[in-house]
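Right, one structure below, let's go through it.
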Amino acid sequence: MQERYEPGAVEAQAQKHWNDHRSFSAQEDPGREKYYCLSMFPYPSGRLHMGHVRNYTIGDVVTRFMRMNGRNVLQPMGWDAFGLPAENAAMANGVPPAKWTFDNIEYMKGQLKSLGFALDWDRELTTCRPEYYRWNQWLFLRMLEKGIAYQKTGSVNWDPVDKTVLANEQVIDGRGWRTGALVEKREIPMYYLKITAYAEDLLDALNHMPGWPDRVRAMQSNWIGRSEGVRLGFPHDIDGGGVLHAFTTRADTIMGVTFCAVAAEHPLASFAARGNQKLATFIEECRRGPAVEAELATQEKRGMPTGLFVRHPLSGEQVPVWVGNYVLMSYGEGAVMGVPAHDERDFEFAKKYGLPIKQVIQVDGQEYSDEAWQGWYADYGVCVHSGKYDGLSYRAAIDSIAADLSAMGLGEKRTTWRLRDWGISRQRYWGCPIPIVHCERCGAVPVPDEQLPVVLPTNLVPDGSGNPLLKCPEFLKADCPKCGGAARRETDTMDTFVDSSWYFLRFACADNSKAMVDERVRYWLPVDQYIGGIEHAILHLLYARFWTRFMRDLGMVGFSEPFSNLFTQGMVLKEAFFRKPEAGRVEYFDPAEVIVTEDQATQRRTAVLRADGAEVESEGVVTMSKSRRNGIDPQALIDEFGADTARLFMMFAAPPEQSLEWSDEGVQGAFRFIKRLWKAVHDHLSAGAVPALDKTSLNDAQRAVRRQAHQALAKVTDDIGRRRTFNTAIAAVMELLNALAKAPLEAPQDRAVAREAIEIAVLGLAPVIPHVTHVLWEALGHPHAIIDEPWRSVDPEALLSATVEMGVQVNGKMRARITVPADADEATVRAAALADPNVQRFVAGAVVKKVIIVPKKLVSIVV
RNA sequence: GCCCUCGUGGCGGAAUCGGUAGACGCAACGGACUUAAAAUCCGUUGGGCGUAAGCCCAUCCCGGUUCGAGUCCGGGCGAGGGCACCA
């Protein structure tokens, strides 16, 4: 073999082997246990970013490991190819989104290939192709039939200058990103998917998903947000009389109601606004306010009285009705009962507007006072100043109050969900057309199955002023499927989350032009290991779970959960720098162009731009993104050091589940390690013939090397196979190589032991750095490629050791280390510990009260 | 604001079920090789005290449980992710 490690030649050689042998083309084989390893498919944004490299390397390590462990592995790849960035690029460059997208796919596919991922490219799919998205349309029609898809109005961000709908991302400080115009909200008809019909199923199943991280299940559970409470009615005589409904989880505080607050969109608000100009203006302001929940929740709480009153259902007292900007029309009843004494938001609201505060819950005997209030007012306690309910605790009070309300017909227990139905209509061009035709006579008519797919034209270039489909007569013109008359095609397209809600099924049968899924789905699905960014913990994963359930109910798939095991990788972060001019938009700068200095004396960090020497501000260490210009291009890394170094570095720098702060240092270290591995194999082979290992004749030093090798193998196997902590697996092999460098190599059995250790090191790293290990394995004289080699099992005999080292604590402080025979009994260990001179110093003259022995680890002596 | 996660040397991180804190790597420093540099190899490296044996301090902060806490519990501070039209 060559003495020098040359990544270019090595990687070409390995990749050629995999191509020539079609190594990663997966075949259904009922006789073999399958393993479906899937990484979230990329949006073809132009080039791979570090998040991709991290994601796909994790998947590839798992794939190659499972394959070496005998499983029939499928690892496919595709493109999440519809989306907003393509339209933005089109506007900037005048290129149709389709061309931009396909060019990006071609480039990124080349990048993925150069990284040596074990992908089955025969199953590649692209969501912007009609062969794929026709099934979005087909299933949408099934949803319409089942009442799971339906139409209702929803509100959108409207840019009055460009006369177009904006995504939340395109609204900056309440203004359109291109025009700077104040964004308005508009109510328009949209299609919704009734995910709430599956809320209970989606929630309950979370308890039976051991392969998912707790944090993701917790996030989904909170998102679905089941709450048990009471729906109350406040009767009134307004507008002919009626009942104002409000939902509460704290019915025990009902006697503390001093006002009611309704959302700006609530009918009572609209009623009161007639003839009240000030109120109408206020409601209009609320409507214009933020649509994003994070902004809604942090904005100042404001309100205005409607001048209307409702009656308290139990006391009959008059309760004023206010409009509050913190009340959400989309949750519960769009109205809340205001109990300032026992709800933080109500408290703030009441303080601001001078509304009365009435304590009705007592916690640990505390009485209301302005100063002492915060910190316990929302706690559970017993009812006070509540008439017949006095003295009742939370549960008892709710039961009693709900029963009384129910008897009066003014309330009942009810479960409310935070989850809302999924609005999928997008007023955009580059997405899957919604298969609907609008007919003057027949209304909205679904496109019949035999007319699918409704094909999106690929030659349009959006200009920022509305959906270009509206100006495309070839697309717009249609015949009504019902009456045959002239009709207009729906121009809204589907949310791109629809595309990604079922692509994992399609990889099993990407070539089927007759059906959405087929029997191959039964073999491959569910996905055994799904890998993707933590940022998808809620939306994408929840939508996919919902979509799968709908297909299950149609009998198309035989399972409810599409992903048996989920691995959420951390984000790749880097510091971002920006300037915000007095007027105008924030401008970000490439970190490579920023010089950061730290003043030792003042501890003050300053960052200046290389170009003009003036200061820039730091946004902190945040996700790499195009908009922040803080991304590092992995291609430079690959070009300079090769794919193996890029892969090794990404896997070694941090545990894959944690966020990873990018640093340029360390890449050299990864490269250096591969060179050392290469040299170790080269030197070993150059040293001459290696005899067969004779386990019975080994001396202590040889046994020690063997033990270390098999300990490393055990750790690598567990770290990759179970724990997915690739960083520690790599560290274990590094330790082995360090030990080997110091081991004697004179005797023939020295070399035999070294050969075994080297092969373990090469095999153990094969999933991480597949190219170099491919070439090294061949150099070691093996007839099969390493990718076809079975994983090795640990020799338990090799792990045996005659002695162990144990720590000795006296009163909880570490005082000595002792070496005892591995099979020593407790009495022996105890005696050895007490005999240690340093232990004696601390024990002498005291009474030994207790000795705790943790076998092979620790002795704890209490005196 | 709400939900979730994280916080350990100069830096990335290790310590897997409450049991020897700092594995492995980076950086730095010292040395070898070299005319020199790069590359490579060897060594040192949490802080303080001590000639040494060793001792004290140390896992964001405060408190608790325990023979024993980086790990568990309560409270705080800081950072990151998500918040429904970015993907």
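Throughout, a chain's letter reflects where its sequence line sits, starting with A, and its residues are numbered from 1.
With hydrogens and angles left out, the side-chain atoms of A:Thr493 and A:Tyr133 include no donor and acceptor closer than 3.5 Å. Of the N and O atoms on the side chains of A:Asp346 and A:Tyr326, at least one donor lies less than 3.5 Å from an acceptor on the other residue. Defined by atom type and a distance below 3.5 Å, a donor-acceptor pair is present between the side-chain atoms of A:Arg676 and A:Asn738.
If you check every strand for non-hydrogen atoms under 4.0 Å, A:Ile852 touches a base. At a threshold of 4.0 angstrom between heavy atoms, the contacts of A:Phe652 include nucleobase atoms, whether or not backbone atoms are also involved. Across all strands shown, A:Arg418 has heavy atoms under 4.0 Å from base atoms, whether or not it also approaches the sugar-phosphate. Using a 4.0 Å heavy-atom criterion, one finds that A:Gln299 contacts no nucleic acid atom at all. Residue A:Thr298 is classed as a base contact, given a heavy-atom separation below 4.0 Å to a base. Among the heavy atoms of the strands, none lies under 4.0 Å from A:Tyr326. Among the protein residues, A:Thr623 comes within range of the sugar-phosphate backbone only, with heavy atoms under 4.0 Å from sugar or phosphate atoms but none that close to a base. Across all strands shown, A:Arg722 has heavy atoms under 4.0 Å from base atoms, whether or not it also approaches the sugar-phosphate. Contact annotation for A:Arg815: backbone-only contact, meaning every heavy-atom pair under 4.0 Å involves sugar-phosphate atoms and none involves a base. The residue A:Lys675 sits close only to the backbone: its heavy atoms come under 4.0 Å of sugar-phosphate atoms, none of a base. Within 4.0 Å of A:Leu419, counting heavy atoms only, lies at least one base atom of the nucleic acid. Here A:Ala537 lies out of heavy-atom contact (under 4.0 Å) with every strand. Residue A:His540 is out of contact with every strand shown, counting any heavy-atom pair closer than 4.0 Å. If you check every strand for non-hydrogen atoms under 4.0 Å, A:Val292 touches sugar and phosphate atoms only.
Comparing A:Val854 and A:Trp223, the nucleotide of RNA chain B nearest to each residue sits closer to the 5' end for A:Val854. Along RNA chain B, the nucleotide nearest to A:Gln809 and the one nearest to A:Ala167 differ in position, and the one closer to the 5' end is contacted by A:Gln809.
Residue A:Asn727 has no polar side-chain atom (N or O) positioned under 4.0 Å from OP1 or OP2 of B:C24. The phosphate of B:C4 (OP1 or OP2) has a side-chain N or O of A:Asn222 nearer than 4.0 angstrom. Distances shown here put a side-chain N or O of A:Asn838 below 4.0 Å from the OP1 or OP2 atom of B:C55.
Distance, A:Gln711 CD to B:A15 C1': 16 Å, rounded to whole Å. A straight line from CZ of A:Arg830 to P of B:C67 spans 17 Å, rounded to a whole angstrom. For the pair A:Arg672 CZ and B:A27 C1', the interatomic distance rounds to 10 Å; values are reported in whole Å. Remark: C1' of B:C86 and CZ of A:Arg628 are 12 Å apart, rounded to the nearest angstrom. When rounded to the nearest whole Å, the span between NZ of A:Lys813 and P of B:G19 equals 19 Å. Rounded to a whole Å, the CD atom of A:Gln220 is 13 Å from the P atom of B:C83. To the nearest angstrom, P of B:U5 lies 17 Å from CD of A:Glu535. Across the protein-nucleic acid pair, A:Arg426 atom CZ and B:A84 atom P stand 11 Å apart, rounded to whole Å.
Among B:A87, B:G82, B:C55, the nucleotide with an atom closest to any side-chain atom of A:Ile538 is B:G82.
Comment: A:Arg178 does not engage A:Glu87 in a salt bridge, judged by the lack of any side-chain N to carboxylate O separation of less than 4.0 angstrom.
None of A:Phe671, A:Phe673, A:Tyr5 except one satisfies the ring pair (Phe, Tyr, Trp, His ring centres under 6.0 Å) rule with A:Trp678; the exception is A:Tyr5.
Residues from residues 734-743 of chain A lying near RNA chain B, meaning a heavy-atom separation below 4.0 Å, are A:Met734, A:Glu735, A:Asn738 in numerical order.
Relative to the ring axis of A:Tyr192, A:Lys152 places its NZ or CZ within 45° and under 6.0 Å from the centre.
Between the side chain of A:Gln427 and the base of B:C85, at least one donor-acceptor pair of N or O atoms lies under 3.5 Å.
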